[in-house]
Trainee: 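First the structure, which I've put down as structure tokens, then a few questions once you've had a look.
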Amino acid sequence: MHDARALLELGADAVRRLARRGYQLDLSALDDLLSRRNKSIQRVDELRSESKRVASEVQRLARQGGETAALKDRARQIKDETRALETEQEHLAAQLRDVLLNVPNLPLDAAPDGDSDADAVEVRRRGTPPSFGFEPKDHVDLGEALGILDFAHATKLSGPRFSIARGAGAALERGLAALMLDLHTRQHGYVEFSMPLLVTPETMTGTGQLPKFAEDLFRTGTANRDLYLIPTAEVPLTNLHAGEILDAGSLPRAYTAHTQCFRSEAGSYGRDTRGLIRLHQFGKVELVRLCDPERSQAELELMVGHAEACLAALDLPYRVVTLAAGDMGFSAQLTYDLEVWLPGQDRYREISSCSDCGTYQARRAGIRMRGKDGRKGLVATLNGSGLPIGRTLAAVLENHQQVDGSIALPAALAPYVGFRTIRPDGTTE
RNA sequence: GGAGGCUUCGCCUAGUUGGUCUAUGGCGCCGCACUGCUAAUGCGGUUCGGGUUGAACGCCCGUCCCGGGUUCGAAUCCCGGAGCCUCCGCCA
């Protein structure tokens, strides 16, 4: 969420930047709404001020044994007037909030023009796509042949877009998560969390999933409560300090969590229907950083590096791209995507999205900091995947497959899974 | 699910016969003074949010868990709700 005044002050520049992501900002409507709200607040405050004066006057008169009936009548009159104006004021405040909640973050100029992944600009490549002396299979064929992935039974249990990992596959999922968490907590300085997967509408609003993207979320109204399944651990990790003021000396804060993520994938019918790429439920290790807004861009570079380290540890070729302004998430002002090489698709596919949200989420969620001088300000929030388990497993299987259908695992995984190879029959050694 | 208790400005806390509560004190924190340094001490400041010019000073309004109500006036009274604690029941 933006500050209305700040947005108006930016004026044409805000309009220009929002237009880059396809949002038409109506400055004069916003200006009108803000000034009407403020005038309304002024009137109400004046009335309340008078009401307080009258009340103390009543007290004074009563003590002296004076006649207070007329003053009390006047006070009742003021109260009626105030009630009406308060209703108007609340209505205007709600309207303003409604408008602001639906304005996306302002893209930084570092984000290129465009509105699709085709408009992303490549920053760097690492690793070399493997050249096989044979036609590489995709992870579905590999996993099913090895007996470590089972989509048919997942569909029987839960319908489309679910997966089952079995034997070495399940061990790999567990091992991948542990490897990444260890990397982030021991090498990169993150604090690990175990978080609720069901959160309130307020929490979902803090990070920007609500009110605009309700249809992307799974929701439950059981037990007479309104709760949503998190689409990413970014939601609980970022909202952890909602409504709090953090000591600036304690920043930056680096948080990580491995959670299941739930997404309705409404509107992606027919896309990536095969395999582990797009599921209703998947595991993911998420990275979140809270920092001084002046440092957010440097923090983003740092965090991208942390996500890259996961891919490097798994010997996976990838590239880093800067997302186009119109392709970024609602709350982001700048996003780098990591794209891993998938031999089964013969192309790079998104495996991590690292975003600098500036103060946008912090203003929504009320996450602030207090400096040594006592001054308060909003923090900046950043989030990135580091990494999703399913897509990473797919990349590992596809990139490290052998001609006989076996998998030669990257050395870093061995301590976590207890084996180096998955044989063609699914057994391990 | 049943019964009871609690919730005040970062933490602890005073305050419930409704009105100088524009909320007390301590700790912590910030500034200044003193001190060879540290410590100690003294003085001052310190809820959060909003409006008033998007500045400073000042002024005004709201805020004592949340939402209603009674009243000229509510931290204080009434109703509803939330969270926490204790006991009972049930349970991985």
Side-chain angles (χ1 to χ4, degrees), chain A residues 1-14 27-28 30-97 99-100 106 194 196-203 205-206 221-227 239-251 253 290 293 359 362-379:
Chain A
M1 184 164 65
H2 299 288
D3 176 64
R5 284 193 209 284
L7 212 49
L8 288 170
E9 189 184 350
L10 282 172
D13 193 48
L27 276 181
S28 65
L30 183 63
D31 188 34
D32 182 58
L33 195 52
L34 180 68
S35 67
R36 279 197 294 147
R37 183 201 66 152
N38 289 352
K39 286 211 174 67
S40 185
I41 288 174
Q42 274 180 57
R43 284 197 296 271
V44 170
D45 281 0
E46 278 162 19
L47 279 176
R48 283 207 268 246
S49 182
E50 186 181 353
S51 158
K52 287 171 80 168
R53 277 200 305 274
V54 172
S56 51
E57 188 64 11
V58 168
Q59 184 191 193
R60 198 180 62 78
L61 272 180
R63 270 192 192 152
Q64 298 171 350
E67 182 49 60
T68 59
L71 268 182
K72 286 185 182 180
D73 280 348
R74 171 63 190 143
R76 271 188 284 267
Q77 216 176 44
I78 293 171
K79 187 160 71 176
D80 289 344
E81 234 180 300
T82 308
R83 287 238 165 109
L85 284 174
E86 272 173 345
T87 306
E88 179 205 55
Q89 182 202 315
E90 280 158 21
H91 180 68
L92 285 168
Q95 251 186 294
L96 181 64
R97 181 176 163 77
V99 168
L100 289 172
L106 300 170
S194 175
L197 306 183
L198 284 163
V199 299
T200 62
E202 292 70 35
T203 300
T205 305
T222 307
N224 209 21
R225 298 172 68 179
D226 190 19
L227 295 173
N239 281 290
L240 183 65
H241 296 298
E244 297 180 9
I245 301 179
L246 306 173
D247 180 359
S250 73
L251 301 176
R253 303 225 184 174
L290 307 179
T359 57
R363 185 173 288 103
R364 284 177 162 247
I367 312 168
R368 292 175 297 167
M369 59 178 189
R370 189 197 308 274
K372 198 96 170 117
D373 55 3
R375 284 152 65 93
K376 295 181 290 284
L378 293 165
V379 303

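Every chain is numbered from 1 and lettered A, B, ... according to where its sequence line falls, protein lines coming before strand lines.
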Trainee: Which nucleotide, if any, forms a Watson-Crick or G-U wobble pair with C34(B), using both distances under 3.5 Å?
Mentor: none

Trainee: With side chains defined as the heavy atoms from C-beta onward, is the minimum distance between Leu290(A) and Leu240(A) less than 4.5 Å?
Mentor: no

Trainee: Indicate, with a heavy-atom threshold strictly under 4.0 Å, whether Arg60(A) touches base, sugar-phosphate, or nothing.
Mentor: nothing

Trainee: Measure all distances between protein nitrogen or oxygen atoms and nitrogen or oxygen atoms of nucleotides 68-73 of chain B, and list the pairs falling under 3.5 Å.
Mentor:
from: C72(B); atom 1: OP1; to: Arg76(A); atom 2: NH1; distance (Å): 2.3
from: C72(B); atom 1: OP2; to: Arg76(A); atom 2: NH1; distance (Å): 3.0

Trainee: Check whether any side-chain nitrogen or oxygen of Arg53(A) sits under 4.0 Å from OP1 or OP2 of G19(B), and answer yes or no.
Mentor: no

Trainee: Tell me, with the steps shown, if Thr82(A) and Arg48(A) meet side chain to side chain contact (heavy atoms under 4.5 Å, CB included).
Mentor: CA-CA 7 Å; Thr82(A) 308; Arg48(A) 283 207 268 246; 4.2 Å; yes

Trainee: For G68(B) and A74(B), measure between their P atoms and round to the nearest Å.
Mentor: 14 Å

Trainee: Which base, if any, makes a Watson-Crick or G-U wobble pair with G58(B), both distances under 3.5 Å?
Mentor: U52(B)

Trainee: Using heavy-atom distances to pick each residue's nearest nucleotide on RNA chain B, tell me which of Lys39(A) and Arg63(A) is more 5'.
Mentor: Arg63(A)

Trainee: Say we look at U53(B) and U35(B): how far apart would their C1' atoms be, to the nearest angstrom?
Mentor: 46 Å

Trainee: Would you mind pulling out the nucleotide paired to C87(B), Watson-Crick or G-U wobble, both distances under 3.5 Å?
Mentor: G2(B)

Trainee: Is any side-chain N or O of Lys52(A) closer than 4.0 Å to OP1 or OP2 of G62(B)?
Mentor: yes

Trainee: Does the side chain of Asn38(A) get closer than 4.0 angstrom to OP1 or OP2 of U52(B) through an N or O atom?
Mentor: yes

Trainee: Mind checking who G28(B) pairs with, Watson-Crick or G-U wobble, both distances under 3.5 Å?
Mentor: U46(B)

Trainee: Does any nucleotide pair with A82(B) by Watson-Crick or G-U wobble geometry, both distances under 3.5 Å, and what is it?
Mentor: U7(B)

Trainee: In whole Å, what separates the P atom of A92(B) from that of G4(B)?
Mentor: 29 Å

Trainee: Specify the closest pair of heavy atoms between Ile78(A) and Ser51(A), including all atoms of both residues, with the distance to one decimal.
Mentor: CG2-CB, 3.9 Å

Trainee: Between the side chains of Arg60(A) and Glu57(A), is the shortest nitrogen-to-carboxylate-oxygen separation below 4.0 Å, so that they form an ion pair?
Mentor: yes

Trainee: Which base sits across from U22(B) as a Watson-Crick or G-U pair, both distances under 3.5 Å?
Mentor: none

Trainee: Strictly below 4.0 Å, N to O, side chains only: are Arg83(A) and Asp80(A) in salt-bridge contact?
Mentor: no

Trainee: Using a 4.0 Å heavy-atom cut-off, does Thr68(A) contact any base of the nucleic acid, only the sugar-phosphate backbone, or nothing at all?
Mentor: nothing

Trainee: Does Ser250(A) reach the main-chain N or O of Leu246(A) with its side chain, forming a donor-acceptor pair under 3.5 Å?
Mentor: no

Trainee: Could you tell me the separation between the CG atom of Leu47(A) and the P atom of C61(B), rounded to a whole number of Å?
Mentor: 12 Å

Trainee: Leu85(A) has an atom CG; how far is it from atom C1' of G62(B), in whole Å?
Mentor: 16 Å

Trainee: Mind checking the CD-CD1 spacing from Glu46(A) to Ile41(A)? Nearest 0.5 Å is all I need.
Mentor: 12.0 Å

Trainee: Answer yes or no: side-chain N or O of Asp45(A) and base N or O of G62(B) forming a donor-acceptor pair under 3.5 Å.
Mentor: no

Trainee: When rounded to the nearest Å, what value does the distance between C1' atoms of C59(B) and U7(B) take?
Mentor: 33 Å

Trainee: Working note: Arg36(A) + Asp32(A), criterion salt bridge (Lys or Arg N to Asp or Glu O under 4.0 Å); need CA distance, chi angles, decisive distance, verdict.
Mentor: CA-CA 6 Å; Arg36(A) 279 197 294 147; Asp32(A) 182 58; 3.3 Å; yes

Trainee: Output the single nucleotide from G62(B), G50(B), C48(B) whose closest atom is nearest the side chain of Arg48(A).
Mentor: G62(B)

Trainee: What is the separation between atom CG on Asp247(A) and atom C1' on C30(B), rounded to the nearest whole Å?
Mentor: 12 Å

Trainee: Across all strands, who's sitting opposite C77(B) as a Watson-Crick or G-U wobble pair, both distances under 3.5 Å?
Mentor: G69(B)

